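A quick write-up on the structure given underneath.
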Amino acid sequence: MSDALPVIVGITGASGVSIAKQTIDMLLESSTPTIVSASSAARIVWQEEMDESFGSALERWRDSDLFQYYPPQQITAPVASGSFPTRGMAIVPCSMATLAAIAHGMSDNLIRRCADVCMKERRPLTLMTRETPLSAIHLENMAKLANLGVKIMPPDPPFYLKLEYVEQIAEYFAHRVVSALGVTDTLPEHLQYRGPGNL
Ligand SMILES: Cc1cc2nc3c(=O)[nH]c(=O)nc-3n(C[C@H](O)[C@H](O)[C@H](O)COP(=O)(O)O)c2cc1C
């Protein structure tokens, strides 16, 4: 078992759940204790977008001692308390509903509560907000949280890398999330921008 503090990954019902899958895979591969919760909408989107079922992914992750899963209604989970130390949290992807709840302090499920705890305890919080187009309400909620130190990281593709497959774009964003959680600080070479010669 690792002595490192855990990170939290929340998965909500926005498009792009393969980024969550790759993020959790990477965290466990790098021996990072990882606590996960997925909303019921996230599971519906997962079914639409993924080949591996959410249940199979959970089973695979549970092979690791470093992995813990809590259902979103389990607000008694230790991680719901500010006295439970963590390195921070990422919500990947983050729906506009969850964004709005967090921006208004509505801790009505475990994912939203953990985000609220990160903010009150001044721990890193990253939201991979995904929707298009964005309404003024979405933008106001993002601006409000950005001004409070939350990292807003929409999964806008790095077109300059000329990635061919959606899975490569998801891999790129998973690396960005893992880096935002302070676990790594470099992108692998094939996902680095190498200047205009590359374009
Ligand atoms: C297939 C599918 C894709 C969706 N994509 C998005 C999305 O990209 N962004 C978003 O904000 N909501 C999206 N939604 C709607 C959310 O899932 C819905 O607002 C839900 O209540 C969010 O709940 P949660 O934040 O607790 O996960 C999608 C729903 C479905 C079924």
Side-chain angles (χ1 to χ4, degrees), residues 7-24 27 34-58 61 68-77 79-80 86 88-120 124-146 148 150-159 163 165-174 176-177 180-181:
V7 298
I8 310 166
V9 178
I11 313 174
T12 66
S15 186
V17 289
S18 72
I19 304 171
K21 177 191 162 274
Q22 293 210 37
T23 298
I24 296 164
L27 288 168
T34 304
I35 298 171
V36 174
S37 186
S39 70
S40 49
R43 282 170 172 257
I44 293 169
V45 177
W46 190 289
Q47 210 171 338
E48 294 294 317
E49 296 187 346
M50 303 292 285
D51 295 328
E52 182 185 32
S53 73
F54 187 74
S56 306
L58 256 187
W61 293 327
Q68 262 181 308
Y69 180 81
Y70 294 103
Q73 61 277 16
Q74 194 175 332
I75 44 130
T76 54
V79 72
T86 69
M89 177 179 196
I91 303 185
V92 188
C94 181
S95 73
M96 295 302 106
T98 291
L99 168 76
I102 297 168
H104 291 84
M106 285 171 58
S107 301
D108 56 350
N109 68 29
L110 184 62
I111 297 170
R112 297 167 184 191
R113 168 66 184 165
C114 288
D116 203 44
V117 166
C118 282
M119 286 166 56
K120 81 183 177 76
L125 174 63
T126 298
L127 306 183
M128 186 157 280
T129 49
R130 196 276 153 196
E131 186 51 283
T132 194
L134 294 163
S135 73
I137 293 174
H138 303 149
L139 292 165
E140 279 170 14
N141 288 335
M142 286 186 209
K144 183 176 178 183
L145 292 177
L148 293 169
V150 175
K151 196 174 272 188
I152 304 292
M153 192 189 284
D156 297 335
F159 293 103
L163 301 174
Y165 304 108
V166 173
E167 278 315 293
Q168 292 176 308
I169 297 172
E171 183 197 354
Y172 171 86
F173 282 108
R176 295 297 301 260
V177 173
L181 287 166

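Everything quoted here is computed from the prediction, not taken from an experiment. Along the sequence shown, residues are numbered consecutively beginning with 1. Order of appearance sets the numbers: ligands from 1, and atoms from 1 within every ligand.
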Atoms in ligand 1 with a heavy atom of T12 nearer than 4.0 Å
25 (O), 27 (O)

Evaluate the side chain to side chain contact (heavy atoms under 4.5 Å, CB included) criterion for residues L148 and M119: first the C-alpha distance (whole Å), next the side-chain angles of each, then the deciding distance (0.1 Å), finally the verdict.
CA-CA 8 Å; L148 293 169; M119 286 166 56; 4.0 Å; yes

Closer than 4.0 Å to some heavy atom of M96 - which atoms of ligand 1 meet that?
10 (C), 11 (O)

As an exercise, identify every atom of ligand 1 less than 4.0 angstrom from a heavy atom of R112.
25 (O), 26 (O)

So which atom in W46 and which in A57 form the shortest heavy-atom distance, rounded to 0.1 Å?
CZ2-CB, 3.8 Å

Checking a contact table here: which protein heavy atom is nearest atom 22 (C) of ligand 1, and how many Å away?
S95 OG, 3.7 Å

Taking W61 for the side chain and K21 for the main chain, is one N or O donor matched with an acceptor at less than 3.5 Å?
no

Ligand 1 and E48, any nitrogen or oxygen pair closer than 3.5 angstrom?
no

Suppose we measure from atom 8 (O) of ligand 1 to each protein heavy atom; which comes out shortest, and what is that distance?
R130 NH1, 2.8 Å

Considering only distance and modelled atom types, tabulate donor-acceptor pairs under 3.5 Å from the side chains of residues 92-114, sequence neighbours left out.
unit_1	atom_1	unit_2	atom_2	d
S95	OG	A97	N	3.3
S95	OG	T98	N	3.0
S95	OG	T98	OG1	3.4
H104	ND1	A100	O	2.9
S107	OG	D116	OD2	3.2
D108	OD1	R112	NH1	2.9
D108	OD2	R112	NH1	3.3
N109	OD1	I111	N	3.0
N109	OD1	R112	N	2.8
R113	NE	A80	O	2.7
R113	NH2	A80	O	3.1

Does I44, backbone or side chain, put an N or O under 3.5 Å from an N or O of ligand 1?
no

To the nearest 0.1 Å, how far is atom 15 (C) of ligand 1 from its closest protein heavy atom, and which atom is that?
G13 O, 3.6 Å

Which protein heavy atom lies closest to atom 2 (C) of ligand 1, and at what distance to 0.1 Å?
V45 CG2, 3.6 Å

Identity and distance of the protein heavy atom lying nearest atom 5 (N) of ligand 1:
S15 N, 3.5 Å

So which atom in S18 and which in A170 form the shortest heavy-atom distance, rounded to 0.1 Å?
OG-CB, 3.4 Å

N or O pair under 3.5 Å between A41 and ligand 1:
no

For ligand 1, is any non-hydrogen atom under 4.0 Å from R43's backbone (N, CA, C, O), its side chain (CB onward), both, or neither?
neither

Considering only heavy atoms of T98, which atoms of ligand 1 have at least one such atom less than 4.0 Å away?
24 (P), 25 (O), 26 (O)

Return yes if some donor-acceptor pair links the side-chain N/O of T23 with the main-chain N/O of I19 below 3.5 Å, else return no.
yes

Numbered atoms of ligand 1 (with element) below 4.0 Å of S39, judged on heavy atoms:
24 (P), 26 (O), 27 (O)

If we count only non-hydrogen protein atoms and require a distance under 4.0 Å, does atom 18 (C) of ligand 1 qualify as touching the protein?
no

Backbone N/O of Y165 and side chain of Q168: donor-acceptor pair under 3.5 Å
yes

Pick out which of E49, E48, R130 makes a side chain to side chain donor-acceptor pair (under 3.5 Å) with S15.
E49

